[in-house]
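Okay, structure first, notes after.
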Amino acid sequence: SEQVEKIHPQALFKNHQALLHYISIHLKNTLLTLYQTLHTHNTELHEPQAIGRRSLKNICLSYLAQAHTEGIELAYQQFKEARFMTDRLTALVILINGDNISLRDQALSEFYERFKNQPHGVDQWFLVQANAHKQDTLARVQKLMDHPAFNIKNPNKVSNLAVAFSQNIVAFHDDQGLGYEFLTQL
C-alpha cells in the first residue's frame, strides 16, 4: 500500500462529471432525439427489448441533464408521468443531483407521498437521498435518521440510508472526514 499513490475520490468524481458534461454538450441533439424516440415507444412492461429501451432512454436523459436545463425539465416531466419505477427513480436521481432545489424538493415530497405506505418505495426514497452528489448530503442523511419512516433496528432502512451513504463517493469521502466520523457514531 505504500507504493500506491493516494486516491482522491472527489477528484475522480469531478473528472467523471466533466466528461459527462462534455458528452452532453457535444451530443445534445443526438441524445435528445434518441431520448424522445425511446420515450414514445415505452409501452411494454417486462419484455427484454422494452427494458433495454428504457435503460438507454434513461441514460440519454442522465446525459442531457448534465449540461442542459432542458434535461432537468425533461427529468421532472418524466418523474410526473412515469409508468415504471425505473423511469421515476432515474428522474428523481437526476433532480436530486441537479441545481433546481425547488424541483428537487417537490419531487422528493411527491415521491414520498405516493409511496409512503409501500416499504420498498420508502426504502428507495431513503436510498436516492443518501446517494445524492451534493455537499449537503450528510446533513440530509442525519436529518432523515430522525424521520418517522426510519428505524435504526430495520436492516433495510439502515442499508438504504447509512450503508448507501457510505458508498457515496462524493459525500462520504469529503475532505474533512465527516462521512467517516458519521459512520463511527452509528
Side-chain angles (χ1 to χ4, degrees), residues 1-25 58-59 61-69 71-73 75-76 78-79 85-86 88-112 115-116 119-186:
S1 69
E2 293 176 11
Q3 297 176 358
V4 177
E5 288 186 40
K6 184 177 178 181
I7 296 173
H8 301 278
Q10 301 259 341
L12 288 172
F13 179 78
K14 186 176 179 179
N15 289 333
H16 179 254
Q17 291 302 104
L19 177 61
L20 296 178
H21 185 84
Y22 180 86
I23 292 169
S24 178
I25 293 290
N58 287 326
I59 290 168
L61 183 59
S62 296
Y63 277 99
L64 285 167
Q66 289 293 320
H68 309 286
T69 304
I72 298 295
E73 292 166 359
Y76 187 68
Q78 178 172 303
F79 174 82
M85 182 63 94
T86 303
R88 189 175 313 278
L89 283 172
T90 296
L92 185 59
V93 167
I94 290 168
L95 294 167
I96 285 174
N97 288 309
D99 293 329
N100 190 322
I101 295 169
S102 175
L103 283 182
R104 176 196 70 190
D105 291 346
Q106 189 172 344
L108 283 168
S109 177
E110 289 173 20
F111 189 92
Y112 182 77
F115 296 105
K116 67 183 176 185
H120 178 70
V122 174
D123 288 345
Q124 294 300 310
W125 184 74
F126 282 125
L127 180 75
V128 296
Q129 293 181 80
N131 282 325
H133 299 143
K134 294 295 198 179
Q135 294 300 320
D136 69 341
T137 300
L138 176 56
R140 182 178 288 275
V141 167
Q142 290 170 322
K143 185 176 178 183
L144 286 169
M145 291 186 75
D146 293 328
H147 191 278
F150 182 78
N151 180 350
I152 194 86
K153 295 179 182 177
N154 180 323
N156 286 343
K157 300 295 185 248
V158 173
S159 176
N160 287 303
L161 191 59
V163 174
F165 174 74
S166 74
Q167 297 167 352
N168 183 329
I169 194 168
V170 175
F172 182 67
H173 300 289
D174 80 307
D175 293 336
Q176 298 174 348
L178 298 176
Y180 306 129
E181 185 178 323
F182 165 74
L183 275 191
T184 64
Q185 296 173 0
L186 287 181

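This one's a predicted model, so the numbers in the text were calculated from it and none came from an experiment.
Proximity of I96 to L108: side-chain heavy atoms (C-beta onward) are separated by under 4.5 Å at one or more points.
Atom CH2 of W125 and atom OH of Y112 lie 6.0 Å apart (nearest 0.5 Å). Here the straight-line distance linking atom CZ of F115 with atom CZ of R88 works out to 5.0 Å at 0.5 Å rounding. Once rounded to the nearest 0.5 Å, the distance linking CD1 of I94 with CD of Q66 reads 8.5 Å. Y63 OH to L19 CG: the interatomic distance, rounded to the nearest 0.5 Å, is 7.0 Å. E73 contributes atom CD, which lies 12.0 Å from atom CG of L64 (distance to the nearest 0.5 angstrom).
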Would you list the atom pairs, donor with acceptor, under 3.5 Å between side chains in residues 155-164 and any protein atom, with sequence neighbours excluded?
from : atom 1 : to   : atom 2 : distance (Å)
K157 : NZ     : D123 : OD1    : 2.7
N160 : ND2    : N156 : O      : 2.8

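The neighbour count for L186 CG, taken as heavy atoms of other residues, nucleotides or ligands under 6.0 Å away, is above 12. Within a 6.0 Å radius of CD in Q167, more than 12 heavy atoms belonging to other residues, nucleotides or ligands are found. In the displayed structure, H133 atom NE2 is contacted under 6.0 Å by more than 12 heavy atoms of other residues, nucleotides or ligands.
Q78 pairs by the side chain to side chain contact (heavy atoms under 4.5 Å, CB included) definition with Y35, H39, K57, N58, L61, D87, T90, A91, not counting sequence neighbours. Residues that satisfy the side chain to side chain contact (heavy atoms under 4.5 Å, CB included) test with E110, not counting sequence neighbours, are Y76, F79, K80, Q106. Here F126 pairs with F150 under the ring pair (Phe, Tyr, Trp, His ring centres under 6.0 Å) rule; sequence neighbours left out. Applying the side chain to side chain contact (heavy atoms under 4.5 Å, CB included) criterion to H120, with sequence neighbours excluded, gives Q124.
Taking both residues in full, the closest heavy atoms of I152 and M145 are given as CD1-CE, 3.8 Å, listed atom of the first, atom of the second, then distance. Among all heavy-atom pairs drawn from L183 and S166, the shortest one is CD1-CB, 3.3 Å. Contact detail for K6 and H8: the closest heavy-atom pair is O-CD2, 3.5 Å. Here the closest heavy-atom approach between residue A132 and residue N168 is recorded as O-ND2, 2.7 Å. Across all non-hydrogen atoms, the minimal contact from L95 to A107 is CD1-CB, 3.7 Å. The minimum heavy-atom distance linking Q10 with D175 is given by the pair CG-OD1, 4.1 Å.
Applying the side-chain hydrogen bond (donor to acceptor under 3.5 Å, both in side chains) definition to pairs two or more places apart or across chains, those involving residues 177-186 are H173-Y180, E181-Q185. Residue pairs meeting the side-chain hydrogen bond (donor to acceptor under 3.5 Å, both in side chains) criterion with at least one partner in residues 96-105, sequence neighbours excluded, are D99-K134. For residues 135-151, every residue pair satisfying the side-chain hydrogen bond (donor to acceptor under 3.5 Å, both in side chains) rule, not counting sequence neighbours, is listed here: Q129-R140.
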Item to check | Chi angles and distances behind the side chain to side chain contact (heavy atoms under 4.5 Å, CB included) call for I72, L103 | outcome: CA-CA 9 Å; I72 298 295; L103 283 182; 4.0 Å; yes

Checklist entry - For H68 and I25, what are the C-alpha separation, side-chain angles and deciding distance, and is it a side chain to side chain contact (heavy atoms under 4.5 Å, CB included)? => result CA-CA 8 Å; H68 309 286; I25 293 290; 4.1 Å; yes

